[in-house]
Structures are given as C-alpha cells and as structure tokens.
There are 2 protein chains.
Amino acid sequence: MTLSEENYLKAIYHLSDTFDGGISTNAIAEKMKTKASSVTDMIKKLSEKELVNYRRYKGVELTVEGKLVAANIIRKHRLWEVFLVEKLNFTWDEVHDVAEQLEHIKSEKLINQLDEFLGFPKRDPHGDPIPDKDGNVSNHTDVLLMTLNKNDKGIIVGVKDSSSSFLKYLDKQGIALGKKIKVIDKEPFDNSMKIRIKKEEFTISQQIANNIYIKK
Amino acid sequence: MTLSEENYLKAIYHLSDTFDGGISTNAIAEKMKTKASSVTDMIKKLSEKELVNYRRYKGVELTVEGKLVAANIIRKHRLWEVFLVEKLNFTWDEVHDVAEQLEHIKSEKLINQLDEFLGFPKRDPHGDPIPDKDGNVSNHTDVLLMTLNKNDKGIIVGVKDSSSSFLKYLDKQGIALGKKIKVIDKEPFDNSMKIRIKKEEFTISQQIANNIYIKK
DNA sequence: TTTAATTTTTAGTCTAGTCTAAAAAAATAA
DNA sequence: TTATTTTTTTAGACTAGACTAAAAATTAAA
C-alpha cells in the first residue's frame with residue numbers, strides 16, 4: 001500500500017458516504033486536487049489489486065477489502081486526532097494536517113495500543129465516529145441542526161465541515177461538542193435560526209446550521 | 001525535504017559520529033542498503049541544497065544546516081521511541097521500525113508538545129541522548145563495557161547495537177539500563193569478561209561487552 | 001435522432017529515485 | 001613509476017505518479 005493508494009481509497013470511501021453508486025472520475029479528481037487522467041491511472045491500479053470495482057466510464061466502488069483498508073486509515077486518522085487534542089493540547093482546528101500524516105504509519109500494535117491508551121474513544125474531536133478494527137462504524141443517526149424546528153432541543157455531537165475556519169468560528173461563538181442547544185426561532189425566509197446555548201441567545205445562518213450534528 | 005533526503009542526512013550524520021572527515025560514497029551506500037550510483041545522485045541533490053559539502057571522489061560532510069536537519073530527525077526518532085515504550089508498552093526491541101516512520105512526521109508543535117508530554121526526557125530507551133531543538137547532543141562521555149578492567153564498577157547507561165536480537169539477549173540475561181555492574185574477571189585471551197549484576201555472576205563475550213555503555 | 005457538450009480514457013511527457021554497466025579517478029602494489 | 005585494484009562517477013534505462021493534449025465514449029440538447 002503506497003501513500004498515494006491509501007489517499008485515493010480514503011477519498012473514495014468518503015465520497016461513497018455522500019453519493020450512491022459508482023463514484024465518478026471527476027469527483028475523485030476534485031477531492032484529491034488532481035487531474036482526471038491521474039485518477040484513471042490510479043483506479044486501474046487499485047482495480048488490479050481488487051480494492052475497487054471498476055468499469056470504464058462507469059465510476060468506481062470500493063470492494064469489501066477496499067472498504068476495510070479505507071476504514072482502517074480513517075480509524076487511525078481519528079484516533080490520532082483524539083491523541084493530539086487530549087494528550088498534546090492541540091485545538092480541534094489544528095489537528096487535521098498532522099493526522100493526515102500520522103494516519104499512514106504502519107503498525108498494528110501501535111494503533112491498538114494507542115486505542116487502549118486513549119480509553120477506546122468512540123468519536124474524534126469533531127464528533128465523527130471512529131471505526132473499529134473490522135471497519136465497522138457506529139452509524140451516524142444524528143441529525144443536522146438545520147433540520148430542527150422551533151422549540152426543538154438537543155446536544156451538539158459533531159460537525160460536518162472540519163475546516164479550520166469553521167471550527168474557529170464555532171469556538172468564538174461558544175459552540176462546542178456536548179453543549180445543550182435549543183432552537184428559539186426559525187426564520188422561514190432564509191432558514192437562519194435563533195438558538196440558545198447556556199442561556200445565551202444568538203442567530204446563526206443556514207450554512208452554519210447545515211454543518212452541525214445534533215443528538216435529539 | 002523528501003523522505004529519501006531525510007534518510008540520507010540521517011545516515012551521514014550517524015556515520016560522521018564514528019568516522020572523521022568526508023564520508024565515502026560506499027559507506028553511505030552500505031548503510032542505506034542501496035547502490036553507490038544512487039548515493040552519488042542524491043549527494044549532488046543535497047549539495048545543491050547546501051545540506052552537505054561535496055567534492056567529487058572526496059566524500060561528503062554535513063553543513064551546519066545539514067547537521068541541524070539530521071539532529072532534528074534523530075530527536076524525533078528518539079522522542080517517539082520514549083513515547084512507544086513509556087506510554088504504549090512497547091519493549092525496547094520493538095520500537096525501531098515504528099520510530100523510523102514516525103521520525104518523518106512534519107509538525108513543530110507536535111514534537112515540542114510530545115517532548116513536554118514525556119517530561120523532557122534526556123535519553124531514549126536504548127540510552128542514546130536526545131538532541132535538543134537546536135540540535136545539541138549531550139556528548140556521550142560514557143565508556144564501553146569492554147574498556148573496563150577487573151574490579152571496575154559502573155552503571156549501564158546505553159547500548160551501541162540496537163538490533164532486536166541483541167536487545168532480546170540482554171533482556172534474557174537481565175542486563176538493563178540503570179543496573180549496577182562489576183567486572184569480576186577479564187580473560188586476556190579472548191577479552192571475554194565475568195561480570196556481576198545484582199549478585200548474579202556470568203560471563204559475556206567481547207562482542208557483547210563492546211556494545212554496552214557504562215557510566216563509571 | 002442527429003448534434004453539441006461533457007466526461008473519461010489514452011497516448012505521450014516529466015520528475016524523483018532507483019538500478020546496471022561502463023568509464024574515470026584514486027589508491028595500492030609490484 | 002607503471003600496473004592493478006578499488007572506488008566513484010557517468011550514462012542510460014526503469015517505475016510510480018503526476019501532467020497535457022487529444023481521442024473516444026457518454027449524456028444532454030435541439
């Protein structure tokens with residue numbers, strides 16, 4: 001498994017989460033910030049290794065084996081994120097680039113010991129679930145804040161967008177995982193909503209509400 | 001800095017420790033398990049970047065900058081080794097391959113926080129000194145067990161050979177860092193020595209004694 | 001259903017890092 | 001000091017992974 005192969009598998013895995021059926025060459029190219037022709041080359045290679053199913057012009061799907069490999073990389077990524085935040089005092093908007101490197105370290109023992117050292121965490125600092133050794137992910141039944149209605153209540157459990165700028169915005173507003181939230185009002189015109197967190201009320205845009213997961 | 005460049009710098013750094021003056025192409029090739037022609041190519045590249053001084057047929061020496069880069073990689077390697085042993089229950093003969101990967105992770109913050117998290121350790125699990133941020137290494141004034149004479153005493157502080165097989169041998173014999181040792185007798189014929197550790201006496205060959213560092 | 005636009009693939013090129021084989025320089029021996 | 005051996009470098013080829021430009025297949029529009 002080369003670094004590049006691993007990154008392609010991860011990208012396909014994430015795209016499969018959002019879209020059904022074969023993932024298009026262009027979609028992968030965009031996600032990987034590379035060119036479609038490069039994607040075609042790599043897909044052929046992954047197909048040879050039976051990590052993806054591929055029919056020309058029809059896009060790709062991960063095989064069972066490919067899915068396992070990808071889930072394992074994501075498992076490592078998220079466990080390292082927990083480590084960075086819990087043990088090394090990183091903030092949740094600083095961890096991504098480093099975890100992106102650490103996820104490629106190869107050692108079964110390392111990752112299992114790390115898991116234990118961290119107390120077998122179930123979610124990373126952004127609220128995303130950590131796959132287990134067999135690639136099983138506790139499925140995300142949580143809903144987007146956007147879908148709540150007036151007077152609905154819940155707990156913030158995750159974010160969809162993990163970009164540094166978004167996370168910094170949340171920190172500034174005092175929006176953090178585990179906080180209780182209540183929808184005070186919802187504006188039908190632009191879907192913005194007035195929310196309450198810890199007795200403080202303020203308004204957020206639909207764009208923000210569309211990137212926060214809530215457990216009801 | 002590519003992975004390959006980093007590995008060459010590290011190899012040259014280690015070789016400079018043992019040999020004075022320019023490090024030969026062949027010596028690097030042997031250490032890196034590659035061919036002399038590949039070494040020549042890479043040396044040219046490192047020379048362009050002013051990380052080594054190079055004169056055709058005369059071998060290489062690290063520049064001040066090159067030495068700093070190399071020391072930094074070794075710093076990372078050794079800090080990760082401490083982490084693996086102290087926090088993740090690795091044994092000292094298991095850490096090398098994983099640390100070899102982890103040493104290439106790029107993040108200033110990561111390594112400084114790790115250093116702090118580990119309590120600013122001075123030595124790795126094999127007793128080797130950990131360079132500081134500026135590449136300074138507390139110089140190894142310790143002597144090889146081989147150089148001790150009858151009735152000399154000391155404390156085991158390091159090993160020269162970190163191969164898994166050697167470390168396993170030491171574990172089996174109960175030879176560990178920090179243990180007090182006394183030379184009971186030394187055989188002039190083959191330089192083997194009878195030693196005592198914790199009231200137990202046994203004989204070791206010169207080869208073994210040549211790979212253990214002692215603080216007198 | 002033929003044409004136009006879009007997507008995907010192919011063909012060929014480039015770079016980093018490796019290799020083999022041969023040439024050149026340096027070190028050693030006669 | 002010349003000949004031989006060893007070391008180092010050069011020349012040229014190979015692979016992975018990327019790229020550009022052009023061809024082919026598919027999809028959408030007229």
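Per chain, numbering begins at 1; letters A, B, ... match sequence-line order. Heavy atoms only: backbone and side chains are in, while hydrogens, waters and symmetry mates are out.
- Atom C1' of nucleotide D:dA16 and atom OH of A:Tyr8 are separated by 11 Å, given to the nearest angstrom.
- With sequence neighbours excluded, no residue forms a side chain to side chain donor-acceptor pair (under 3.5 Å) with A:Glu86.
- With rounding to whole Å, B:Met42 atom CE is found 18 Å from D:dT10 atom C1'.
- Applying the 6.0 Å contact sphere to CD of A:Gln173 captures more than 12 heavy atoms from other residues, nucleotides or ligands.
- The distance from atom CG of B:Asp41 to atom P of D:dT8 is 15 Å, rounded to the nearest whole Å.
- If you measure from atom NZ of B:Lys35 to atom P of C:dA21, you get 10 Å, rounded to the nearest angstrom.
- For B:Glu5 and C:dT15, the CD to C1' distance is 13 Å, given to the nearest whole Å.
- Under the 4.0 Å criterion applied to side-chain N and carboxylate O atoms, A:Lys215 and A:Asp142 are not assigned as salt-bridge partners.
- Residue A:Leu46 contributes atom CG, which lies 13 Å from atom C1' of D:dA16 at whole-angstrom precision.
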Expected rows: protein N/O vs nucleotides 24-27 of chain C N/O, under 3.5 Å:
unit_1	atom_1	unit_2	atom_2	d
C:dA25	O4'	B:Tyr57	OH	3.2

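- Of all the heavy atoms in A:Lys76 and A:Ile105, the pair that sits closest is NZ-O, 3.0 Å.
- Across all non-hydrogen atoms, the minimal contact from B:Gln113 to A:Phe90 is CG-CE1, 4.2 Å.
- Looking at A:Lys10 and A:Glu103, a side-chain N of the basic residue comes within less than 4.0 Å of a carboxylate O on the acidic one, giving a salt bridge.
- Residue contacts for A:Ser4: at a heavy-atom cut-off of 4.0 Å it reaches the sugar-phosphate backbone alone, with no base atom in range.
- Taking the six-membered ring where the residue is Trp, the centroids of B:His96 and B:His77 are separated by under 6.0 Å.
- Contact check of residues 20-34 of chain B against DNA chain D (heavy atom, cut-off under 4.0 Å) returns B:Ser24, B:Thr25, B:Asn26.
- No side-chain heavy atom of A:Val157 sits under 4.5 Å from any side-chain heavy atom of A:Ile214.
- Contact check, A:Ser38 against D:dA18: no side-chain N or O comes under 4.0 Å of OP1 or OP2.
- In this entry the distance linking NZ of B:Lys44 with C1' of D:dT8 reads 10 Å, nearest Å.
- Checked against the 6.0 Å centroid threshold, B:Phe83 and A:Phe83 count as a close aromatic pair.
- Checking C:dT9, C:dT18, D:dA18 against every side-chain atom of A:Ser37, the shortest atom distance belongs to C:dT9.
- The separation between A:Ile43 atom CD1 and C:dT10 atom P is 11 Å, rounded to whole Å.
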